[in-house]
Protein chains: 2
Amino acid sequence: MDKREQLVEQAFRLFYRQGVYAVGINKVLDESGIAKKTLYNHFASKEALVAATVSYRDSLFRQWLFGRMDAVAAGKPALMEAFMALDDWFNGRVAVMPEFHGCYFINVSAEFSDLKHPIHQQCAEHKQAILEKIREQVVLAGGDESVANHVALLKEGAIVQAYVGGDLQSALKARRLLDQLL
Amino acid sequence: MDKREQLVEQAFRLFYRQGVYAVGINKVLDESGIAKKTLYNHFASKEALVAATVSYRDSLFRQWLFGRMDAVAAGKPALMEAFMALDDWFNGRVAVMPEFHGCYFINVSAEFSDLKHPIHQQCAEHKQAILEKIREQVVLAGGDESVANHVALLKEGAIVQAYVGGDLQSALKARRLLDQLL
DNA sequence: CTTAAAGTAGACAGAGTGGTCTACCTCTGT
DNA sequence: ACAGAGGTAGACCACTCTGTCTACTTTAAG
């Protein structure tokens, strides 16, 4: 019954599926059955709501991905598992993240294109956090600094190829390269 | 004095910098100093204009990238040169493509998120064309099918890391990995 | 039971949207 | 010289957008 939470989740669903600009505040309201006054009671503006959806997704995504990685042995197995997780995501096998529509952070960055915009910054921080986790595991796997960057590169590449190019096998392809790499 | 061309170029500039939804038709008209009637004389709708900007960028991008690749020896050198070209692009050293704001095709795909949408399809076709060129060079370099996919993965990853993460060295990092790969 | 906070429904304002249309102007080829 | 294509300026239409506000209702705590 937490209205704020309901709003964020519904807004995220719509923004992720159709884009931020394409979805009006009224649609979010209609779909969630919440009054406009309530929304503006919790958020100063649509932009504040967007920021909240980014935080929400960041938390959800990290919890999911890191959870998968931590469920196996640290180091190379964790990294390999991360790409298995991506493959599950692309192909709709992740319950908490059904319907793959690309990376929310990339999509949102495209709409808030100014690098200095707080929302773009939030997206950059998300990527940074993921990179940090990768780096940690790469070190445990005996790789050096630059390898961590390469792994991150593969992750972004796989997401883009799956979404823009429609190649749902891209995570597995990236994983094969990762296997050689480590 | 070709009004259509002027419209497409100006529209591209604005859409690329600020996003398609964020830029109204009137802004395109104001900036280009062209009358609304003229626009609708050439294009049936805003969407048709967007489609034209995608074609325009596709042609420009391919001409530029393939030009750079063809200027050196075929095979591995061409692929290495492609990533040098990306580095130049990210860092604003390409005259025909000043101001790096990520990949137009990724950005537009995010706004026209339905995979079946003709504009999304156009973006997918662009990626496909690039992949084809990469494949051709990979074969000449003695690599197999899967390597071409890996190279494309690196390219997309580099663009995303440069744009969303703000890492302007990402092309060079990808290039280092490519060097090992071939 | 009372009171105060939080929610609801929805009218409304002001700006902006894509797109149409009229009326006029300026080239260019014959 | 003149017809016709293609340009310009901008009013206008119907609609949508974010955000505000009023008036009423529900909920929960002391």
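All chains are named by letter (A, B, ...) in the order of the sequence lines, taking the proteins before the strands, and each is independently numbered beginning at 1.
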Aromatic centroids of A/Tyr163 and B/His120 separated by under 6.0 Å:
yes

In short, salt bridge (Lys or Arg N to Asp or Glu O under 4.0 Å) pairs touching residues 111-127 of chain B with sequence neighbours left out are B/Lys127-B/Glu156

Where protein sits on nucleotides 3-20 of chain C, one letter per nucleotide: B base, S sugar-phosphate only, - none, heavy atoms under 4.0 Å
----SBBB------SSBB

Check ring-ring contact (aromatic ring centres under 6.0 Å, His included) between A/His42 and all other residues, then give those that pass, not counting sequence neighbours.
none

According to ring-ring contact (aromatic ring centres under 6.0 Å, His included), who are the partners of B/Phe61, at least two apart in sequence or on a separate chain?
B/Trp64, B/Trp89, B/His126

Using residues 65-79 of chain A as the side-chain source, report each donor-acceptor pair under 3.5 Å to any protein atom, sequence neighbours left out, with the distance given to one decimal.
{"residue": "A/Arg68", "atom": "NE", "partner": "A/Glu81", "partner atom": "OE2", "Å": "3.0"}
{"residue": "A/Arg68", "atom": "NH1", "partner": "A/Asp88", "partner atom": "OD2", "Å": "3.0"}
{"residue": "A/Arg68", "atom": "NH2", "partner": "A/Glu81", "partner atom": "OE2", "Å": "3.1"}
{"residue": "A/Arg68", "atom": "NH2", "partner": "A/Asp88", "partner atom": "OD2", "Å": "3.0"}
{"residue": "A/Asp70", "atom": "OD1", "partner": "A/Lys133", "partner atom": "NZ", "Å": "2.9"}
{"residue": "A/Lys76", "atom": "NZ", "partner": "A/Asp179", "partner atom": "O", "Å": "3.4"}
{"residue": "A/Lys76", "atom": "NZ", "partner": "A/Asp179", "partner atom": "OD1", "Å": "2.8"}

Protein-nucleotide distance (A/Leu39, atom CG; D/dC17, atom P), rounded to Å:
14 Å

Check side chain to side chain donor-acceptor pair (under 3.5 Å) between A/Gln180 and all other residues, then give those that pass, not counting sequence neighbours.
none

My understanding is that only residues two or more places apart in sequence, or in another chain, count here; which of them pass ring-ring contact (aromatic ring centres under 6.0 Å, His included) with B/Phe90?
B/Phe100

Any residue in residues 5-16 of chain A with a heavy atom nearer than 4.0 angstrom to DNA chain C? Just list them by number, or reply none.
none

Partners meeting side chain to side chain donor-acceptor pair (under 3.5 Å) with A/Asp167 (sequence neighbours left out):
A/Lys173

